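Notes for the one structure printed next.
One-based numbering along the sequence shown. These figures come from a predicted structure and were not determined experimentally.
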Amino acid sequence: MAGLVLEGIIAYPVTPFAPGEAGGVDTAALTTLVDRLIDAGCHAIAPLGSTGESAYLDDQEWYTTAEAALAAVARRVPAVVGVADLTTRNAVRRARFAEQAGADAVMVLPQSYWKLDEREVVRHFTAVADAVSVPVMIYNNPATSGIDLSPELMVSLVGQVENITMVKESSGDVQRMHRLAQLTDGELPFYNGSNPLALEAFAAGAAGWCTAAPCLIPGPVLALHRAVRDGDLDAAREVFYRQLPVLEFILRGGLPTTVKAGLALLGLDAGTPRRPLLPLDEPGTARLAELLAATA
């Protein structure tokens, strides 16, 4: 799978929890959600990203979620499992588990309590990549990880390690994407992870959009990709601006919180976020319902 290149809409499911504060992973609801995303036409599924509350799961919950999501995907589309941990040892362990469970690629987000220098970042990514044979996607999300990976560093990692082949850029700065394209003559597949930048990112050459939005509004999300692919800029603008209020709302309110609230409005109970995250309040839920109705 070293030659895998993802394209299009890479959908990020939440991790549903059973009712109650101590509720574990609801694998039946996760299977239903994955089926919905694939049936809607999403091009890949990426469990255990930030939307999937991976940082709030214990090891067994993480393994359960990875296994259930990959079983639900059943190789109908590519599956990319998010791997993030403070320790390299546990990141390696999770990456190996994901590969053995059937992941087509792993997306690695370095996390830090102590600030990591470039040497430590390189060692971390190299260790995870060396532990698996599937492709590795570098995930840059400084807002959640505490580490900001420069385009130059990410390109250097791609050049140094054979199976590090892709980059997900979620800093919210579209200039980073332009820089990735410039540094690699457009050869490096990179992916947008910032919902409000979707249109700009595709214009910058993004191979795909990594997003939880298809959990709620798959039609407009996929329509944007089709319009971009077909070179219809007017249609792309129209469908992007129609969905932008939802994209901004779910990002601003926290993706696990808002997406789970939206799924409940759409008839799929994915439980509540894991504390310290709290469910969306009543005014927020009412506003989300309005936005979803206006976007459909």
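With sequence neighbours excluded, no residue satisfies salt bridge (charged side-chain N to carboxylate O under 4.0 Å, His left out) with Glu169. Remark: His43 engages His225 in a ring pair (Phe, Tyr, Trp, His ring centres under 6.0 Å) (not counting sequence neighbours). Taking Ala286 as the reference, nothing meets the side-chain contact (heavy atoms from CB on, under 4.5 Å) condition, with sequence neighbours excluded. Remark: Arg75 pairs with Asp104 by the salt bridge (charged side-chain N to carboxylate O under 4.0 Å, His left out) rule, at least two apart or across chains.
The minimum heavy-atom distance between Val134 and Ala103, with the atom names listed, is CG1-O, 3.6 Å. What you find for Thr295 and Pro220 is that their closest heavy atoms are O-CG, 3.8 Å. Here the closest non-hydrogen pair linking Ala270 and Val14 is CB-CG2, 4.1 Å.
Screening residues 197-220 for side chain to side chain donor-acceptor pair (under 3.5 Å), with sequence neighbours left out, gives Asn195-Trp209, Asn195-Thr211. Residue pairs meeting the salt bridge (Lys or Arg N to Asp or Glu O under 4.0 Å) criterion with at least one partner in residues 264-281, sequence neighbours excluded, are Glu21-Arg275, Glu61-Arg274.
Taking the charged nitrogens against the carboxylate oxygens, Arg123 and Asp117 have no contact shorter than 4.0 Å, which rules out a salt bridge.
Between the CZ atom of Arg229 and the CG atom of Leu224 there is a distance of 11.5 Å, given to the nearest 0.5 Å.
Side-chain N/O atoms of Ser133 and Glu99 include a donor and acceptor closer than 3.5 Å. The closest side-chain donor-acceptor pair between Asp173 and Ser171, if any, does not fall under 3.5 angstrom. Side-chain contact annotation: Ser50 with Tyr139, donor-acceptor N/O pair under 3.5 Å present.
Checked against Pro151 for a side chain to side chain contact (heavy atoms under 4.5 Å, CB included), the options Leu188, Val167, Asn140, Leu183 give a single hit: Leu183.
Under the 4.5 Å side-chain criterion, counting only non-hydrogen atoms from C-beta, Leu30 is not in contact with Phe17.
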